[in-house]
Participant: 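My questions will all concern the structure given below.
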Amino acid sequence: MGKLTVRALRAVLVVVLTGTVFVQALMVWALVSGSDPEDGSLPLTPLRVITILGIGTVQVALVCVWRLVTMVRRGTVFSHAAFRYVDVIIGAIVAAAPVWFTVTAINAPGQRDDPGVTLIMGGVGVAILGVALLVLVLRMLLAQAVARDVEAAQMQAELDEVI
């Protein structure tokens, strides 16, 4: 991975992480200060708590991606240490799905005139789980690459003994 690509990805990660921390801080401030402009149409307090939790799952995944990019840059991504970060990313994505389904359930009563919105939101939840499955498949590919790397190192060691 080139230096420009790493820098660009890290810049994106910093911007997204900064934005999520800002939104989280605003949500926490609205909860703590009691200046909730709730007009009764939606239960904003539960939605804020759920949003804070959902953003937390995104932040966990962003930090793990940062660590994986660092490992790629150092050339150590094809090691067993990378699995820890990939597993945490999968866990964060899986944790985000029930958070999203909860938002969908809270929002559903307000969508009685247009149930399609609830169906679309449910579809987004299923898509979130699909992303977790995709990352799981990528983890399996990483496992194959690590196994091949270990096998190549063993073959190189045997070849070095012969020579």
Side-chain angles (χ1 to χ4, degrees), residues 1 3-74 76-77 79-143:
M1 188 179 262
K3 286 183 180 182
L4 181 62
T5 306
V6 169
R7 287 182 182 155
L9 181 54
R10 284 186 173 167
V12 168
L13 291 173
V14 166
V15 167
V16 173
L17 191 59
T18 303
T20 59
V21 168
F22 180 71
V23 170
Q24 252 183 344
L26 289 176
M27 294 285 183
V28 169
W29 177 254
L31 286 173
V32 172
S33 69
S35 61
D36 195 354
E38 190 167 341
D39 63 352
S41 61
L42 274 178
L44 289 180
T45 300
L47 281 176
R48 283 196 178 105
V49 171
I50 292 167
T51 301
I52 291 167
L53 294 174
I55 290 173
T57 63
V58 171
Q59 291 168 339
V60 167
L62 290 172
V63 170
C64 289
V65 169
W66 182 282
R67 295 295 301 150
L68 287 170
V69 169
T70 301
M71 292 179 80
V72 167
R73 191 71 189 128
R74 292 180 185 159
T76 60
V77 75
S79 66
H80 293 286
F83 290 107
R84 175 178 52 199
Y85 298 113
V86 175
D87 290 341
V88 172
I89 290 170
I90 293 169
I93 295 169
V94 169
V99 170
W100 182 257
F101 286 128
T102 303
V103 169
T104 303
I106 290 172
N107 189 48
Q111 298 297 327
R112 291 187 184 153
D113 293 337
D114 190 8
V117 172
T118 303
L119 290 174
I120 291 170
M121 289 178 72
V124 169
V126 172
I128 291 169
L129 291 172
V131 170
L133 288 173
L134 178 64
V135 176
L136 181 62
V137 168
L138 294 173
R139 184 194 186 281
M140 291 178 197
L141 291 173
L142 177 64

Participant: Roughly how far, to the nearest 0.5 Å, is the CG atom of Leu31 from the OG1 atom of Thr51?
Facilitator: 9.5 Å

Participant: Return the minimal non-hydrogen interatomic distance between Val77 and Ala82, and the atom names on each side.
Facilitator: O-CB, 3.2 Å

Participant: Report the C-alpha distance between Leu53 and Thr102 in whole Å, list the side-chain angles of each, state the deciding distance to 0.1 Å, and finish with yes or no for side-chain contact (heavy atoms from CB on, under 4.5 Å).
Facilitator: CA-CA 11 Å; Leu53 294 174; Thr102 303; over 6 Å; no

Participant: For a quick test of reading the model, state the closest non-hydrogen atom pair linking Ile89 to Ala61 and the distance between them.
Facilitator: CG1-O, 4.1 Å

Participant: Say you draw a straight line from CG of Leu136 to CG of Asp87; how long is it, rounded to the nearest 0.5 Å?
Facilitator: 8.5 Å

Participant: Using every non-hydrogen atom in the two residues, find where Gly122 and Thr104 come nearest and quote the distance to one decimal.
Facilitator: N-CG2, 4.1 Å

Participant: For the CE atom of Met71 and the SG atom of Cys64, what is their distance to the nearest 0.5 Å?
Facilitator: 11.0 Å

Participant: Hey, can you pull the donor-acceptor pairs under 3.5 Å for the side chains in residues 93-101, sequence neighbours left out?
Facilitator:
unit_1, atom_1, unit_2, atom_2, d
Trp100, NE1, Met121, O, 2.6

Participant: What is the distance from atom CD1 of Ile55 to atom CD of Gln24, rounded to the nearest 0.5 Å?
Facilitator: 5.5 Å

Participant: Before giving the answer on side-chain contact (heavy atoms from CB on, under 4.5 Å), spell out for Val86 and Leu68 the whole-Å C-alpha distance, their side-chain angles and the decisive distance to 0.1 Å.
Facilitator: CA-CA 8 Å; Val86 175; Leu68 287 170; 3.9 Å; yes

Participant: How many angstroms lie between atom CG of Leu26 and atom CD1 of Ile52, to the nearest 0.5 angstrom?
Facilitator: 10.0 Å

Participant: Considering residues at least two apart in sequence or located in another chain, which fulfil the ring pair (Phe, Tyr, Trp, His ring centres under 6.0 Å) criterion with Phe22?
Facilitator: none

Participant: Would you be so kind as to tabulate the donor-acceptor pairs closer than 3.5 Å made by side chains of residues 9-20, with sequence neighbours excluded?
Facilitator:
unit_1, atom_1, unit_2, atom_2, d
Arg10, NH2, Thr70, OG1, 2.8
Thr18, OG1, Val14, O, 2.7
Thr20, OG1, Val16, O, 3.2
Thr20, OG1, Leu17, O, 2.8
Thr20, OG1, Gln59, NE2, 3.1

Participant: Supply the atom-to-atom distance Leu133 CG to Leu138 CG, rounded to the nearest 0.5 angstrom.
Facilitator: 11.0 Å

